[in-house]
2 protein chains.
Amino acid sequence: MRLLRPDQDVAAPQRVLDAIRRDIIFGALAAGSRVTEAALASKYGVSRVPVREALRALEAEGFVESRPYAGSTVAEIPLDDAEDLFAVRGVIESTIARRAARRAAEQFAGDAPSSRWWTARRALTDILDAGDRAVAADALAELPELNIRFHLGVAELSGSASLAALLRQISGKIEWLYAVDVDHRGRQSWGEHRAIMAAIDAGNEPDAGRLMSGHVDSSRRGYLQRFAGPDQTDP
Amino acid sequence: MRLLRPDQDVAAPQRVLDAIRRDIIFGALAAGSRVTEAALASKYGVSRVPVREALRALEAEGFVESRPYAGSTVAEIPLDDAEDLFAVRGVIESTIARRAARRAAEQFAGDAPSSRWWTARRALTDILDAGDRAVAADALAELPELNIRFHLGVAELSGSASLAALLRQISGKIEWLYAVDVDHRGRQSWGEHRAIMAAIDAGNEPDAGRLMSGHVDSSRRGYLQRFAGPDQTDP
DNA sequence: CTCTCCTCGATTGAATACAATCGCAGAACC
DNA sequence: GGTTCTGCGATTGTATTCAATCGAGGAGAG
């Protein structure tokens, strides 16, 4: 009947997976460090079985590396891949945005929008509002999480599970790279989301793709400016 | 001491994962069909635990969908995503090819190529030879598997685990889409691999990227010609 | 006859228990 | 003194076991 623990034990294993991934991305688990199943199990209050499943998923996503009988280690942050990852992400995200726009138009062309679509769309409204509140309250620390959820929400809206899976993988890596340049351009970046959402709602594929592409590119420039500043190329 | 079962039980769980994925890609497990853990466990002669881990990894890769207590089903083939997946794959693969070329140049610029690099490079030679033999012997059925291995091998050579993980995910999807257009253009497609390899070995980044991009695009055109032929766009 | 509720079988989720393997420390030998 | 080998501790891999949940089918009320 599940009156207690409202939506927590619905997905106990999923929760462990998300928690570990989150710890990796935001630095609680350092890159290269060794993680033992027993430690994670006791940390999250479950047995080793769900932890093992989570580690396997994370391995598929590229966040941990495992060797038989040798255990798992947190993967190294792909610093060298930054440029390339941004390029790939740009293509994936603009594709997703275009498809989301097309799908939005389809939803209203037909009889009635599917409930699945509405659920995703409503979640995005909540995310955008929460982000705006965070910006207004100067609680910029909340933005990284909301940023990921916004982009994944758009992927959900696009209806393509394949592209969504690719995005989950790559956006996780990018957040990992710089845990969001939140002090530097958090406000502006968040503001761009509204425009993207509007283009999608309007069913405007070209604009949606273009705005998303620009959004990712701004992010890329922000990253380069902050980290790769002086030595753009190595001799 | 592992004298028996030479390289089979080294990675029993990995083997189950690869086997299931292979069955999905090449059609032994139909899209949309329900898969029970017990059935897979008995099929591969292991218990349910490694099967569950494999399913979680496949879920992360987007090949199966799971709902708590409702079991797992093989995901639907992303037919609608074909165009987009080819576009994304083009970017990923050409990026990988350019990086592989750069890395090849670096290997010979320094003191001595790393053993890791050499291992990957040697594997590619074997794959290319095996493919040529298969073509000569008209054993085209072997090409799909070798094709995947060639592309993943180049990814290995690029040295970027992130890009390799992305490629693994997307190339699996594309093989799944058309289990390789082997009768139609298997020979020509395979022939292009040598040229790509040569550009990489020469450390020629632009050529490597361009050739790989063209290679993927040929593949895309082959797919469209064969499946999406008449109705390029829906009214 | 239809709808609702409930029970039961099947299946998944999780925990415990045991076997297999690896890496390291320390002793023995050269 | 250095090298090699051998136990031992720690950790992972797998099987077995039990609890939780879902879905289908039937009984009963309206």
Side-chain angles (χ1 to χ4, degrees), chain A residues 1-21 23-24 29-30 32-75 115-116, chain B residues 1-21 23-24 29-30 32-75:
Chain A
M1 182 177 295
R2 195 186 298 140
L3 289 176
L4 309 175
R5 291 179 295 180
D7 65 351
Q8 184 154 347
D9 78 312
V10 184
Q14 185 70 32
R15 193 174 61 84
V16 173
L17 169 60
D18 290 339
I20 299 176
R21 189 195 295 114
D23 282 349
I24 293 176
L29 289 174
S33 68
R34 183 176 161 77
V35 288
T36 68
E37 300 174 359
L40 292 173
S42 75
K43 178 172 183 181
Y44 297 109
V46 294
S47 94
R48 276 176 46 214
V49 176
V51 169
R52 284 178 62 83
E53 294 177 13
L55 285 175
R56 271 294 162 22
L58 288 169
E59 191 181 2
E61 293 178 17
F63 285 108
V64 308
E65 293 171 356
S66 301
R67 281 184 336 186
Y69 291 103
S72 304
T73 59
V74 178
S115 74
R116 194 175 153 75
Chain B
M1 179 175 299
R2 193 185 298 140
L3 290 176
L4 310 174
R5 289 179 295 179
D7 65 351
Q8 186 157 346
D9 80 309
V10 183
Q14 185 71 32
R15 192 175 60 86
V16 173
L17 169 60
D18 289 339
I20 298 177
R21 181 175 28 222
D23 283 348
I24 292 176
L29 289 173
S33 67
R34 184 178 162 76
V35 288
T36 68
E37 299 174 359
L40 292 173
S42 75
K43 179 173 183 179
Y44 297 109
V46 295
S47 95
R48 277 176 47 213
V49 176
V51 170
R52 286 177 60 84
E53 293 176 14
L55 286 176
R56 272 290 156 36
L58 288 170
E59 192 181 0
E61 293 179 15
F63 284 108
V64 307
E65 293 171 356
S66 301
R67 283 183 334 186
Y69 293 102
S72 304
T73 59
V74 178

Heavy atoms only, 4.0 Å cut-off, all strands: where does B/S47 land among base, sugar-phosphate and nothing? base
Look at all strands and tell whether A/V35 reaches a base, only sugar-phosphate, or nothing, counting heavy atoms closer than 4.0 Å.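 Sugar-phosphate contact only.
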Does A/R52 have a side-chain nitrogen or oxygen under 4.0 Å from the phosphate oxygens OP1 or OP2 of D/dG13?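 Yes, such a contact exists.
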Should the pair A/E53-A/R56 be classified as a salt bridge under the 4.0 Å nitrogen-to-oxygen rule? no
Determine whether A/R21 and A/E61 satisfy the following criterion, side chain to side chain contact (heavy atoms under 4.5 Å, CB included), listing intermediate values before the conclusion. CA-CA 10 Å; A/R21 189 195 295 114; A/E61 293 178 17; 2.9 Å; yes
In whole Å, I'd like the distance from the [atom1] atom of [X] to the [atom2] atom of [N].
{"X": "B/Y69", "N": "C/dT12", "atom1": "OH", "atom2": "P", "answer": "12 Å"}
{"X": "A/R48", "N": "C/dA20", "atom1": "CZ", "atom2": "C1'", "answer": "12 Å"}
{"X": "B/E53", "N": "D/dT12", "atom1": "CD", "atom2": "P", "answer": "12 Å"}
{"X": "B/R15", "N": "D/dG13", "atom1": "CZ", "atom2": "P", "answer": "15 Å"}
{"X": "A/E59", "N": "D/dG13", "atom1": "CD", "atom2": "C1'", "answer": "14 Å"}

Side chain of [X] only, heavy atoms from C-beta on: which candidate in [options] is closest?
{"X": "B/E37", "options": "C/dA15, C/dT12, C/dC22", "value": "C/dT12"}
{"X": "A/P50", "options": "D/dG13, C/dA14, D/dA15", "value": "C/dA14"}
{"X": "A/R34", "options": "D/dT12, D/dT17, D/dA15", "value": "D/dT12"}

In terms of heavy-atom contacts, A/Y44 and A/R15 come closest through O-NH2, 4.1 Å
For B/V49 and A/R67, take the nucleotide of DNA chain C holding the closest heavy atom to each; which residue's nucleotide lies nearer the 5' end?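 With B/V49 and A/R67 compared, the 5'-side residue is B/V49.
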Matching residue for A/K43 among A/D23, A/V35, A/V16 - test: side chain to side chain contact (heavy atoms under 4.5 Å, CB included):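 The residue from A/D23, A/V35, A/V16 that satisfies side chain to side chain contact (heavy atoms under 4.5 Å, CB included) with A/K43 turns out to be A/D23.
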